[in-house]
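Notes to accompany the following structure.
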Amino acid sequence: MRKTECLAMILAGGQGSRLGALTKNIAKPAVPFGGKYRIIDFPLSNCANSGIDKVGVLTQYRPLELHNYLASGSSWDLDTKDGGIFILPPYARDKGADWYRGTADAIYQNLNFIDLADPEYVLILSGDHIYTMDYSWMLEAHKKNKAEATIGVIEVPWEEAPRFGIMNTDEEGRIEEFEEKPAQPKSNLASMGIYIFNKAFLEKYLIEDAKDETSSHDFGKNIIPKMLADKARLYSYAFEGYWKDVGTIESLWQANMDLLQDEPPFELNGEWKIYSSNASMPPHYVGPDAKIKNSMVSEGSMVLGEVENSVIFPGVRIGKGAKVKNSVIMPYTTVGENAVVDYAIVAQNCEIAAEARVEGAKGAITVVAEGESVQPEAGSKQAG
């Protein structure tokens with residue numbers, strides 16, 4: 001394996017329990033998004049567009065579908081001879097197999113892979129955020145500051161700051177203090193869970209942390225505070241674009257709805273293209289009595305009813321007289337004749353039978369789990 005300047009490590013093993021029924025069978029990074037994508041397409045595409053061609057993807061919870069989706073990495077142009085995507089699940093070591101016990105432990109368990117790649121810098125990413133970002137700019141800032149670690153930050157509304165890890169910095173952006181979900185935050189610079197470390201510096205702290213039996217083995221809770229206590233050169237990198245942690249039903253729904261604006265907050269097919277792995281399918285079909293308003297309708301789908309303010313994935317069938325509004329309908333789901341779906345996320349391979357009703361409300365989105373069948377005699381499926 002040739003030496004590389006910057007190796008990316010994507011943490012993609014999360015269960016995503018706050019997404020409830022949507023992650024019953026798949027890991028959170030594999031959850032469909034935006035009509036033809038999956039959440040992990042965003043960090044992968046960001047890496048490819050940033051010129052980072054060697055990417056480790058750390059998987060754990062229900063990884064089969066995610067592994068199958070990633071395949072060789074060709075969909076993101078990450079199948080080069082010396083680079084590529086490397087799938088890194090937990091494995092049996094000298095003391096037996098251990099699940100990843102935290103974000104830091106996940107990287108620690110793969111130090112051998114990092115040593116093989118022998119990068120100067122290690123970029124650590126989350127596999128469950130929606131955003132477009134050029135990591136090469138962050139790397140240049142890291143070098144310019146002669147930093148040992150650089151953390152991506154974004155300004156969040158002050159009222160939301162207590163939900164995040166907050167960075168307090170000096171005028172030059174050097175991090176002076178880290179507060180984990182503070183009740184009274186001193187700033188609104190929230191950590192994005194994006195880190196660049198000098199390789200040797202990172203390894204030192206990971207090895208020390210692994211020996212600490214009291215540690216949670218987490219970057220935010222343990223590694224970053226320890227680095228700050230040691231007066232290490234930690235800098236922030238301010239990001240000003242669109243970024244959303246889609247770890248909840250409401251945030252995932254809202255991120256899909258954001259794409260339906262006349263001027264969406266980011267482009268999926270602009271200069272910074274988001275790539276995905278999708279089967280080739282025929283164009284979507286719109287029936288003679290169908291009505292579509294302010295919606296995204298993907299290839300391979302058939303619309304015979306009404307669709308408004310919704311995101312329709314490939315292979316979806318919407319029957320005559322059916323009404324789908326304010327909803328996300330994931331792949332290969334059928335909405336029967338005269339059925340109603342409103343303020344909902346319907347997972348893949350579901351059946352909403354004829355005359356059935358799936359209804360939520362803004363702020364209380366209804367979810368239908370993968371493979372579930374909703375029948376009219378059961379009454380309407382409500383949020384909660």
Side-chain angles (χ1 to χ4, degrees), residues 8-50 55-71 73 75-76 78 85 87-88 103 106 123-133 135 152 154 192-194 239 241-260 264-269 272-278 296 298 311-314 327-331 345-349 365 367 369-370:
M9 301 286 278
I10 301 178
L11 299 165
Q15 180 176 349
S17 57
R18 291 181 298 162
L19 288 178
L22 294 179
T23 52
K24 182 176 67 173
N25 298 316
I26 60 175
K28 181 163 60 169
V31 170
F33 174 82
K36 63 176 295 182
Y37 306 92
R38 298 192 185 229
I39 296 172
I40 199 170
D41 286 330
F42 288 82
L44 286 174
S45 298
N46 288 338
C47 285
N49 291 331
S50 300
V55 181
V57 181
L58 287 69
T59 63
Q60 180 163 277
Y61 172 79
R62 297 199 180 277
L64 183 60
E65 186 166 343
L66 182 58
H67 289 183
N68 184 58
Y69 181 74
L70 295 174
S75 297
W76 305 271
L78 291 171
I85 287 179
I87 307 298
L88 303 171
T103 54
L123 169 66
I124 297 175
L125 306 168
S126 170
D128 50 17
H129 296 156
I130 302 296
Y131 66 108
T132 56
M133 180 178 180
Y135 301 133
I154 188 168
M192 301 170 68
I194 299 173
F239 178 69
Y242 180 91
W243 176 85
K244 189 175 286 289
D245 180 349
V246 289
T248 66
I249 293 296
E250 298 299 327
S251 62
L252 178 64
W253 178 86
Q254 186 59 60
N256 276 278
M257 295 299 108
D258 288 345
L259 297 174
L260 302 179
F266 63 95
E267 294 289 339
L268 293 170
N269 197 31
W272 197 266
K273 186 174 182 180
I274 302 302
Y275 302 94
S276 65
S277 176
N278 284 285
M296 298 175 66
S298 300
V311 177
I312 308 300
F313 281 74
S327 295
V328 178
I329 313 297
M330 294 183 177
I345 299 179
V346 183
Q348 54 195 0
N349 300 310
I365 303 302
V367 175
E370 179 179 347

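Side-chain atoms are counted along with the backbone in the values below, which use heavy atoms only and exclude waters and symmetry mates.
Nearest heavy-atom pair, Ile249 versus Ile345, reported as atom, atom and distance to 0.1 Å: O-CD1, 3.9 Å. Smallest separation of non-hydrogen atoms from Ala347 and Glu370: CB-N, 3.4 Å. Listed here is the closest heavy atom pair of Pro314 and Gly35: CD-O, 2.9 Å. Across Ala12 and Val57, no two heavy atoms sit closer than the pair CB-CG1, 3.8 Å. Scanning all heavy atoms of the two residues, the minimum distance from Val311 to Gly34 falls at CG1-C, 3.9 Å. Met133 and Asn46 get closest at one heavy-atom pair: N-OD1, 3.2 Å.
The CD1 atom of Ile39 lies 6.5 Å from the CG atom of Leu19; values are rounded to the nearest 0.5 Å. Atoms SG and OH, on Cys47 and Tyr275 in that order, are 13.0 Å from each other to the nearest 0.5 Å. Of the inter-residue distances, the one linking Asp245 atom CG with Met192 atom CE reads 10.5 Å to the nearest 0.5 angstrom. Distance check, rounded to the nearest 0.5 Å: CD1 of Ile10 to OG1 of Thr59 gives 11.5 Å. In this structure, Thr132 OG1 and Asn49 CG are separated by 9.0 Å, a value rounded to the nearest 0.5 Å. We find the NE2-CD1 distance between His129 and Ile154 to be 11.0 Å, quoted to the nearest 0.5 Å.
Looking at heavy atoms from C-beta onward, Asn25 lies out of side-chain contact with Glu65 at the 4.5 angstrom threshold. You'll find the side chain of Asp128 stays beyond 4.5 Å of the side chain of Phe42, heavy atoms only. In this structure, the side chains of Met330 and Val31 come closer than 4.5 Å at one or more pairs of heavy atoms. Under the 4.5 Å side-chain criterion, counting only non-hydrogen atoms from C-beta, Ile365 is not in contact with Leu252. Side-chain contact between Leu125 and Tyr135: present, with at least one pair of heavy atoms (C-beta onward) separated by less than 4.5 Å. Looking only at side-chain heavy atoms (C-beta outward), Phe33 and Leu259 come within less than 4.5 Å of each other.
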**Report entry** side-chain contact (heavy atoms from CB on, under 4.5 Å) between Ser50 and Trp272, intermediate numbers included
**Finding:** CA-CA 9 Å; Ser50 300; Trp272 197 266; 3.6 Å; yes
Query raised in the report: Passes side-chain contact (heavy atoms from CB on, under 4.5 Å), Val246 versus Ser251? Steps please.
Result: CA-CA 5 Å; Val246 289; Ser251 62; 4.3 Å; yes
Report task. Might you work through the side-chain contact (heavy atoms from CB on, under 4.5 Å) test for Leu123 and Ile194, ending with a clear yes or no? Result -> CA-CA 7 Å; Leu123 169 66; Ile194 299 173; 4.0 Å; yes
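Between Tyr242 and Phe266, the ring planes are tilted. Angles from 30° to 60° get that label.
Residues passing the side-chain contact (heavy atoms from CB on, under 4.5 Å) test with Ser276, sequence neighbours excluded: Lys36, Tyr37, Asp41, Tyr69, Asn278.
The main-chain N or O of Ile312 is found under 3.5 Å from a side-chain atom of Ser298 such that the two form a donor-acceptor pair.
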